[in-house]
Amino acid sequence: DLTVPNLSYRTGSYAANGIPYADGFADYFTLLNERDGGIGGEKVAVPECETAYNTEKGVECYESTKGQAALAYNPLSTGITYQLIPKVTADHHVLYTPGYGRTSSANGAVFEWVFNYPANYWDGASVAVKYMLSQNGDDLKGKKVALVYHNSAYGKEPIRTLEELAKKHGFELVTIAVDPPGQEQKSQWLQIRREKPDYVLMWGWGVMNQVAIQEAVNIKFPMDHMIGVWWSGSENDVGPAGEGANGYKALSFHGVGSDYPIYADLKKYVFDAGKAAGAGDNLGNVLYSRGMYAAMIISEAIKTAQEKTGHAAVTPEEVRDGFENLNLTEARLTELGLPGFAQEIHATCADHGGPGTAMILQWDAAAKKWSAVSDWIEADKDVLDPLIAEDSAAFAKEGGIAERCK
Amino acid sequence: MFDAAKTETLLEVNNIEVIYNHVILVLKGVSLSVPKGGITALLGGNGAGKTTTLKAISNLLHSERGEVTKGSILYRGERVQDMSPADLVRKGVIQVMEGRHCFEHLTVEENLLTGAYTRSDGRAAIAQDLEMVYTYFPRLKERRKSQAGYTSGGEQQMVAMGRALMSRPETILLDEPSMGLAPQLVEQIFEIVKAVNEGEGVTFLLAEQNTNVALRYAHFGYILESGRVVMDGPAAQLRENPDVKEFYLGMSDDGRKSFRDVRSYRRRKRWLA
Amino acid sequence: MLDQLTYASEAALNGLMAGVMYSLVALGFVLIYKSSGVFNYAQGVMALFAALTLVGIQKGQVPFAHLINAVTGGHLETFGWQVPAVLAILLTIVVMIGMAIVIETLVLKHLVNQAPIILFMATIGLAYFLEGFGDVMWGADIKTLDVGLPQGINETIESVTDTWFGYGFFIDNLDIVAAIVSVALVTALTLFSQYSKQGRALRAVADDHQAALSVGISLRFIWVLVWSIAGFVALVAGIMWGSKSGVQFSLSMIALKALPVLMLGGFTSIPGAIVGGLIIGMGEKLFEFFVGPLIGGATENWFAYVLALFFLVFRPQGLFGERIIERV
Amino acid sequence: MKDTGAGITTAEGGSVGPVLMELRNITLRFGGVVAIKDISFDIREGEIRAIIGPNGAGKSSMLNVISGFYVPTEGEVWFRGEKRGPMKPYQVARLGIARTFQNIALFDGMSVLDNIMTGRLTLMHSGLLSQAMWWGKAAAEEDEHREKVEKIIDFLEIQNIRKTPVGRLPYGLKKRVELARALAAEPKILLLDEPMAGMNVEEKEDMCRFILDVNDEFGTTTVLIEHDMGVVMDLSDRVVVMDYGRKIGDGPPDEVRNNQDVIDAYLGVAHA
Amino acid sequence: MFYREAGDFKTSYRADSQTFPIRLDRMGYVAALVVAYGIVPFVIDDYWANAVFVPFLIYAIAAIGLNILVGYAGQVSLGTGGFMAVGAYAVYKLMTAFPDVPILIHVLLAGGITAAVGVLFGLPSLRIKGFYLAVATLAAQFFLVWLFNKVPWFYNYSASGQITAPERTMFGIFITGAQTTAAAKYLFCLIILTLVALMARNLTRGTVGRKWMAIRDMDIAAEIIGVNPLSAKVTAFAVSSFFIGIAGALLFSVYLGAAEVGEAFGINKSFLILFMVIIGGLGSIFGSFAGAAFLVLLPVFLKNVLVGGFGWPTDVAAHLELMIVGALIVVFLIVEPHGLAQLWRIAKEKLRLWPFPH
Ligand SMILES: Nc1ncnc2c1ncn2[C@@H]1O[C@H](COP(=O)(O)OP(=O)(O)OP(=O)(O)O)[C@@H](O)[C@H]1O
Ligand SMILES: Nc1ncnc2c1ncn2[C@@H]1O[C@H](COP(=O)(O)OP(=O)(O)OP(=O)(O)O)[C@@H](O)[C@H]1O
Ligand SMILES: [Mg+2]
Ligand SMILES: [Mg+2]
């Protein structure tokens, strides 16, 4: 068997978000097992382990699964990621953190075992700014952008990038911290009401998202000028605000909705067969799709590894090579029943970060649906690459790591 | 005067054993019977188990991690162990606990009123009894508005007594009512006990160290030592017993000795030797 | 400068409103503490549980659906009916009373006369249990709660203040509702505890369990009574907070916002919960407004505690708490 | 009686030394309540000084003033010929004033031995580090003081309960342990607040024996509050009588016993 | 008569006040030490070290620290998480600033720094008591977490504010970092725990301990018999924070390897450790061990039974786990409010009397 642990969280403060993600992740592998008999004929085991978004439980989960030759870890938690980076490096396991984790691990020269394509936090910040630019005739001079962020490692990630971008494009950046969990955000939103920013950018997770959107509605902030990062743009986040949330925007690095061809198979092999991981009510929604995306990438990497080595029972080391040689094309996506679902990825030894693209989704409260309102937007690599180089160099120096890929 | 032989037994304690914390055996087979309308005194030295006996009767041991492991306690033929302390109060058994146990943050008057918690005979009757308590303890009337936690030791003792009276009980279990009271007040309290006993027919079971006074007012007495009843009998008879005289009343053949003289010798209890 | 002042008053006003929302949670703590000396950490989880139950009933969710499905492999979700808000609230109250009875029978009854810290710990255990139980019963996903309370900016206030100060104040309608409800609750509860026989008994119980037992107060009854009221207060708090953020695990964290309020107002004072809430709410908002920007913001969590600590140093029993009796 | 010079001879024929402590015009108010109203009296070295009076007269409050727990609203406390400045209770304790309490104030969670050892805290000085390592001074000091405490334990005849947690002890023994704790401090003045409440005659006799022995052997000055007139009359050298916060009598027991004010306010009938 | 103390006479006060006056106890503890030092290091693997032993050892240190404050000195604190964070950030700053100093020194220094911070936040305890104090210590908890989150100097200006433990050695053996062996981690923590437990034991049986307990049992009486409340409370906060700081430093550097303050040292940590102390037994060093063992092992055990054994979905298992842990805590408190240590004591008393019931 191929083992891909699912370090999920279905309890605790962030359960509401962890559940659909874990469901999507598990369901995709179930589909592969049921329909294709696994990957390359080898079944995939997806032992689930509950972390409750808690780093110590994360350690326990890692330690309890790593003996089973786990091929890739995807803990959906920046905190756990940071903790696992040194461990996977020493133990030789892949850590795959799409859209979260340590941004500079995009630099494969330093982070041999970590992958975070297709996009990272800094890409997200840049994409959001680019979108604003596109809406304002490529000129943000004199505009004001407020960043409302989760006051934690995760929330602070984009600040550096945004500061750089503010300098470059001449907009004013106001950063507003919200202490987790973020039940109470009166001060923050009064401040926004006073400052009247042109855009509000949101970097939230959990209840903070719901409260922020509700408060934005309350102060009548124009919803279509409020843009969330991909972790602030799920059905959960807009639900409590009801009608008011109509027009809210968020980033995404993959498509959403259940009208991809793959869903016919999912329904047939997974749901109707009673093998779904969850209650089945999350189908096609944003976080479900994201879990599915992660599973899809991991399975493609495994497949690449199998092709490269010629045997089906690949080892974690071989899967790492698979990740590094992943070549995900639109044709392949179509083959998978996910046409246009994601951007192409052409990974290399040094490039673990992928294309760095994302699109903008907008919430339609009446239809209760997210729909894309932009094309794929690419991040501003000119600004980001030096930042990544700087941060990963610091890490390499601290840990005495020699750069690869020379 | 009260005649024990003629009246029914109200409360009966049959050979009970009490264990604290599952290991400490405190009562080793205590039996008593309390006649209706009488004053029964429970005497004995420190740690003899008087308090424990009273608490066993009012079913308050539970909250101290103590339990009755053997024997039975019957009040009017009903097993006390099957009733909650509140049931007991409603049936007319109330305890005045050793060490006062006032409600510190309540005022003196509120403390007294909590005594009437189980009563349902209307505000007027309660107010009347409140006046009665105030006539017994005029000092309390002066301090009625103070928080009980700030009253003196003796005042708290009065509060505890008064509070019990407020429940219009049938039987009062009094644990060391005289402790910390001025001599004059001790007499007064026992006079009250007597008055309540005779006037209202309330039965008393009292644990007392002040053997002298206790035996003067009680009809019947039990002496406990180390968790066992070592002697019992009508109070008058106990008063005359030479051992009781010597050990509990501090009398020798030639009257009361001065406390200054006791240094010279150590005594031993004959029956425990 | 004048702008600053207007803004500050707006912040202060909103602080007062937020404070009322904290008070709603604090009130539940006070009730239970006052009656049993128990510092009920589970109050926040009770609010969550009440809100979960309310939504569950309203939407006709099948309780324990997830567990049943996991065991039987079925697909139970809802009964397929919708219960009107008022009826759902009544049913939830019944559930909360049931919970009070269960808690009394299984937990409190056995802990009579124990040290306060032991009781406190027991309530944390209870909080864990309820959290797991709520999740198993109703699911851990986020739910929208809507009992028809108004939300969003109050336009009247906005336009009035706009004509007065040239800047329309923001006051949330939900907060106004919360304020009205809180005032009503506090008044009713204060009257109850000060002037009724049960109220007196309840304070007696807090002082001395044994003595209360000895005068015939049934601890069991008092506790069921008080936990039921606290359950009701939790429901109110759950509705208010849940309307804002949806019902999910984090709702239980509002307990942490209530603690400084409690500390400042005094653990034993019902009016203290309100006054404490107002001071904390206003204090933290003003601090965030004036000082927050200088030191990086997100100060509210700790500032509330520091503010309360500051008051305590001068009045160790809180503003309205009962004097701590120190005698030998 | 302001002569602080030589000793005086008491009714019992015992002799007491010069004035050790003097309370001058003490008044103590709590809000509206006047617990002590302008009281002055002195305590002489080596004497047993009793304070009696009805409940709520202010006796315990007076002890609290002496031991520094209450700060008198007015008035001065003179100790060894010097006026005592504002002091915290623990500083007063270090002057050599130890006491027992009306509502027993033992440390319930500790064993009898440890409780008595706390009495010696003012006399022990080893540092934190030395204790953490249990090296040198700390261990030696512990042994040395343990020996002293064992003497007191022997003296009060509580050897067999040495290791029992005090919470479990019956009332009477607790009182005895409290006395032991106070004695362990080797006090100059020993304050006893109703040490014999809740005891039967036999136990009272024991207690009296201890008090007298301490007084004889170490010359410890003792202030005693007690409601048992027998005890007070037999033991004390001089008696202060309080009523409603005022002093209504002061003098040798026999004199006090026959004082009409005292009889009216306290004794009721002339006591046997 | 399995367990006997009769016939075990002491001839000196020193012997009477030793840590384990009863011979049978002494033998038991020696045996435990032999197993802990002589056997476990040779059989331990990564899973046992990281999921069970290392967290147990570290939490035992923290629990001893908190027990000194709550169990011995009676000052309830909910700031433990915050103080552990001080230890963690102190050790991080020291490790990165002085890479060549042995890690043990850093850990001890981190404890010292935490002690200073603890004293500062302990000062209000002079005025504030009971639950008011408990809630007041939350001010420390929230403020410290905020501070470490907000001031970039503490996390060496890293982009996300995470701190990551660099590799450090002692006598050439890796103690922190991914290359550390399970045995090294385990032994390092075990040695520190042994020292901490000995110190705690010595302090609590002597003068300082008696001062603490006097303040705990009745602070007014304690002051009247001569205990200076300021110094007693301050030393309790200092000693307690010292141990807690060490635990925080180890938790971050040896166990987790990386930490984010709000998550790793949040208020839940404070509660967790308070739980250990209370379940184990207030005022008992042994209880701290028992409590830590119980609360570290129970979730791991439950998880393995429910998910591994019964194959239940992880979320149902996790919810049930919460319910079971919660219920067990309540049950324990009901059965024995004085904790596992007291249960153990009663068991011993029963054994001593065995086969007689009393
Ligand atoms: N909660 C308890 N736990 C353990 N032992 C206890 C407890 N309460 C009392 N005891 C023990 O039970 C015995 C009897 O105590 P009890 O209080 O009944 O005596 P008493 O006759 O009332 O004495 P006193 O006159 O001093 O009040 C004592 O030896 C005491 O140590
Ligand atoms: N801290 C305080 N606050 C308010 N009132 C107090 C305080 N301490 C004592 N009092 C009051 O002062 C008066 C004297 O109290 P005190 O305890 O000194 O009396 P006492 O002579 O010792 O009486 P008893 O013999 O009953 O113990 C009492 O009325 C008491 O209520
Ligand atoms: Mg007794
Ligand atoms: Mg007194």
Side-chain angles (χ1 to χ4, degrees), chain A residues 9-20 52 149-151 155 174-191 193-194 206-215 217-220 234-242 244 271 274-276 278-282, chain C residues 3 6-7 10-11 14-15 17-18 21-22 65-66 69 73-77 131-132 135 139-146 151-153 167 170 172-175 241-254 256-257 281 284-285 287-289 292-293 296-302:
Chain A
Y9 41 95
R10 295 169 183 273
T11 62
S13 293
Y14 300 103
N17 292 344
I19 294 169
Y149 67 97
H150 195 260
N151 196 11
V174 184
T175 58
I176 301 176
V178 175
D179 251 357
Q183 293 277 0
E184 170 54 38
Q185 300 178 23
K186 274 268 139 59
S187 299
Q188 285 82 358
W189 290 93
L190 285 178
Q191 188 183 349
R193 192 161 175 267
R194 287 193 301 268
V207 71
M208 170 185 162
N209 288 338
Q210 290 106 49
V211 175
I213 293 172
Q214 178 69 57
E215 293 286 3
V217 173
N218 288 349
I219 68 162
K220 295 190 185 149
S234 73
E235 289 77 1
N236 286 338
D237 302 329
V238 283
F271 288 96
K275 295 204 159 73
D281 52 353
N282 289 314
Chain C
D3 276 359
T6 331
Y7 293 156
E10 187 194 20
N14 271 280
M17 292 294 170
M21 295 281 274
Y22 303 157
H66 193 45
N69 292 347
H75 286 284
L76 286 174
E77 275 309 314
E131 187 189 319
D135 280 352
D141 50 328
I142 179 167
K143 299 171 183 67
T144 0
L145 187 153
D146 186 3
Q151 259 199 71
I153 186 163
Y167 177 81
F170 170 83
D172 194 334
N173 277 321
L174 185 66
D175 286 347
W241 284 92
S243 302
K244 193 149 97 169
S245 59
V247 181
Q248 57 180 314
F249 170 76
S250 303
L251 193 66
S252 63
M253 311 282 246
I254 51 173
L256 293 179
K257 299 248 66 166
E284 67 176 24
K285 295 293 180 284
F287 186 81
E288 180 74 22
F289 179 78
T299 57
E300 287 172 46
N301 273 356
W302 64 265

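Remember, predicted model here, so these are calculated numbers, not experimental data. Proteins come first, then strands; the chains are lettered A, B, ... in the order of their sequence lines, and each starts at number 1.
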Contact between A:Q185 and C:K244 at the side-chain level, heavy atoms closer than 4.5 Å - yes or no?
no

Is there side-chain contact between A:Y14 and C:Q248, with at least one heavy-atom pair below 4.5 Å?
no

Can you name the nearest heavy-atom pair linking [X] to [Y], along with the distance?
{"X": "C:S250", "Y": "A:S13", "answer": "OG-O, 3.6 Å"}
{"X": "C:T144", "Y": "A:P240", "answer": "CG2-CA, 3.1 Å"}
{"X": "C:S243", "Y": "A:Q214", "answer": "O-OE1, 4.2 Å"}
{"X": "A:Q183", "Y": "C:W241", "answer": "O-CZ3, 3.6 Å"}
{"X": "C:F170", "Y": "A:N218", "answer": "CE1-O, 3.3 Å"}

Interface residue of largest heavy-atom contact number with chain A, from C:G152, C:G292, C:G242, under 4.5 Å:
C:G152

Looking at chain C, which one of [options] has the largest number of heavy-atom pairs inside 4.5 Å, strictly under?
{"options": "A:Q210, A:E184, A:R193", "answer": "A:R193"}
{"options": "A:G182, A:G206, A:S187, A:G18", "answer": "A:S187"}
{"options": "A:V211, A:L190, A:I176", "answer": "A:L190"}

Counting only heavy atoms closer than 4.5 Å, note whether [X] contacts chain A via side chain, backbone, both or neither.
{"X": "C:K257", "result": "side chain"}
{"X": "C:T299", "result": "neither"}
{"X": "C:D175", "result": "side chain"}

Check each atom of [X] against the heavy atoms of chain C and say whether the ones under 4.5 Å are side chain, backbone, both or neither.
{"X": "A:P20", "result": "neither"}
{"X": "A:N236", "result": "both"}
{"X": "A:R10", "result": "backbone"}
{"X": "A:I19", "result": "side chain"}
{"X": "A:Q191", "result": "neither"}
{"X": "A:V207", "result": "both"}
{"X": "A:E235", "result": "neither"}

Working to the nearest 0.5 Å, report the span between CG of C:D135 and OG1 of A:T11.
7.5 Å

Residue pair C:E288 / A:Q188, side-chain donor-acceptor N/O under 3.5 Å:
no

Salt-bridged, C:E300 to A:K186, with N to O below 4.0 Å?
no

